[in-house]
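Structure, as structure tokens:
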Amino acid sequence: MVDKQLPAVILAGGLSRRMGGGDKALRRLGSGTLLSYVITRMSAQAFPLALNANGDVKRFDVDLPVLADTISDHPGPLAGIMAGMEWAAAAEADWIVTAACDTPFLPADLVARLRARQEETRAAVVLAASGNEGRPVAHPTFGLWSTALAPALRRDITEGTRRIRDAAQRAGMVLAMFDGDPFFNVNTPEELDEARHRLAESWV
């Protein structure tokens, strides 16, 4: 079910160095692109959607707002979260959910489970995690953030914070656990081949 009161931002502002440059979000996968699979999965869960990316927006050819980083020098995905927070806050939204552009098999219940964990804990940040409960692996680009954190997040970034988890921990984050490997992400040509294999083998 679509949460029509929860803006979502797909993070695509990286430099894709391990992919050899260019926009990895636009690499082909099946009948579409990595980005198209993420848009399809997120549009079934949250509304409205936006894309965080820098440069010429026309190259994406998507019917979504494209939000550039509002902090210069490519400080990483935290800047994308910051841009998304500001966009959502301008629309008077209290929360925003984020997802990475290179994770085409993300969970269909991502938003529902992040929301449930937040309601359980009342935390200002909920990050997705997978694996064994005793040793969870966090997936920091997938999270639910209170937009009230925007001023603190901007301060963290300008003072040098680059890791999402560092900023989230300062805000008192909690983790929402997911089973299996739904956050498989594509950073290299080899991982793109693996994604194509998973798709061909009906892993989604």
Side-chain angles (χ1 to χ4, degrees), residues 6-25 34-35 38 42 49-57 59-60 65-103 106 110 114 117-118 121-131 135-177 183-188 191:
L6 181 60
V9 172
I10 299 170
L11 303 172
L15 300 178
S16 303
R17 292 188 180 95
R18 284 183 284 171
M19 189 62 80
D23 291 298
K24 70 177 170 181
L34 289 174
L35 178 60
V38 176
M42 289 305 298
L49 265 63
L51 179 67
N52 162 244
N54 300 295
D56 184 2
V57 302
R59 70 192 192 276
F60 290 102
V66 181
L67 313 174
D69 292 349
T70 58
I71 298 175
S72 61
D73 299 324
H74 298 288
L78 265 181
I81 296 172
M82 179 79 252
M85 276 190 185
E86 292 173 338
W87 166 70
E92 301 184 343
D94 295 328
W95 295 90
I96 187 171
V97 64
T98 59
C101 71
D102 60 358
T103 313
L106 66 93
L110 173 71
L114 292 176
R117 184 67 169 144
Q118 193 282 321
T121 62
R122 300 300 176 186
V125 181
V126 182
L127 299 184
S130 62
R135 298 186 65 184
V137 176
H139 304 281
T141 50
F142 291 86
L144 180 69
W145 298 74
S146 168
T147 58
L149 294 171
L153 183 58
R154 177 171 285 278
R155 183 176 63 250
D156 283 346
I157 297 170
T158 57
E159 291 178 354
T161 298
R162 294 294 178 264
R163 294 179 67 233
I164 297 174
R165 187 158 185 166
D166 289 345
Q169 285 177 328
R170 291 191 188 100
M173 75 165 191
V174 298
L175 299 178
M177 292 298 300
F183 300 102
F184 171 78
N185 66 312
V186 177
N187 286 311
T188 66
E191 288 167 345

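- Partners of Arg155 according to the salt bridge (charged side-chain N to carboxylate O under 4.0 Å, His left out) rule, which considers only residues two or more places apart in sequence or in another chain, do not exist here.
- Between the Asp69 side chain and the Pro75 main chain, no donor and acceptor come within less than 3.5 Å of each other.
- For the salt bridge (Lys or Arg N to Asp or Glu O under 4.0 Å) condition, the pairs that include at least one residue of residues 77-91, sequence neighbours left out, are Glu86-Arg154.
- The two residues Leu110 and Ala128 come nearest to each other via the heavy atoms CD1-CB, 4.4 Å.
- In plain terms, the two heavy atoms of Glu191 and Val186 that are nearest each other are OE1-C, 3.7 Å.
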### Task
May I have the step-by-step check of side-chain contact (heavy atoms from CB on, under 4.5 Å) for Leu149 and Val125, ending in yes or no?
CA-CA 9 Å; Leu149 294 171; Val125 181; 3.3 Å; yes

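- The main-chain N or O of Ala93 is found under 3.5 Å from a side-chain atom of Thr147 such that the two form a donor-acceptor pair.
- The shortest heavy-atom contact between Gly143 and Leu127 is CA-CD2, 4.0 Å.
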### Arg117/Val174 under side-chain contact (heavy atoms from CB on, under 4.5 Å): CA gap, chis, key distance, verdict
CA-CA 8 Å; Arg117 184 67 169 144; Val174 298; 3.9 Å; yes

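- Heavy atoms only, all atoms of each residue included: Ala176 and Val126 are closest at CB-CG1, 3.8 Å.
- In terms of the side-chain hydrogen bond (donor to acceptor under 3.5 Å, both in side chains) criterion, Arg165 has no residue partners (sequence neighbours excluded).
- Using a distance-only test at 3.5 Å, with no hydrogens or angles considered, no donor-acceptor pair links the side chain of Asn185 to the main chain of Thr103.
- Applying the side-chain hydrogen bond (donor to acceptor under 3.5 Å, both in side chains) rule to Arg170 yields the partners Thr161; only residues at least two apart in sequence or on another chain are considered.
- Applying the side-chain contact (heavy atoms from CB on, under 4.5 Å) criterion to Pro77, with sequence neighbours excluded, gives Leu11, Thr141, Ile164.
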### Derivation of the side-chain contact (heavy atoms from CB on, under 4.5 Å) call for Leu144 and Leu6
CA-CA 9 Å; Leu144 180 69; Leu6 181 60; 3.8 Å; yes

### Message
Is there a side-chain contact (heavy atoms from CB on, under 4.5 Å) between Ile81 and Met85? Walk through the geometry before answering.
### Response
CA-CA 6 Å; Ile81 296 172; Met85 276 190 185; 4.2 Å; yes

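- Ala8 and Met42 make their closest contact through CB-CE, 4.0 Å (heavy atoms, listed as atom of the first residue, atom of the second, distance).
- Residues passing the side-chain hydrogen bond (donor to acceptor under 3.5 Å, both in side chains) test with Gln169, sequence neighbours excluded: none.
- Nearest heavy atom pair, residue Pro7 against residue Trp95, reads CD-O, 3.3 Å.
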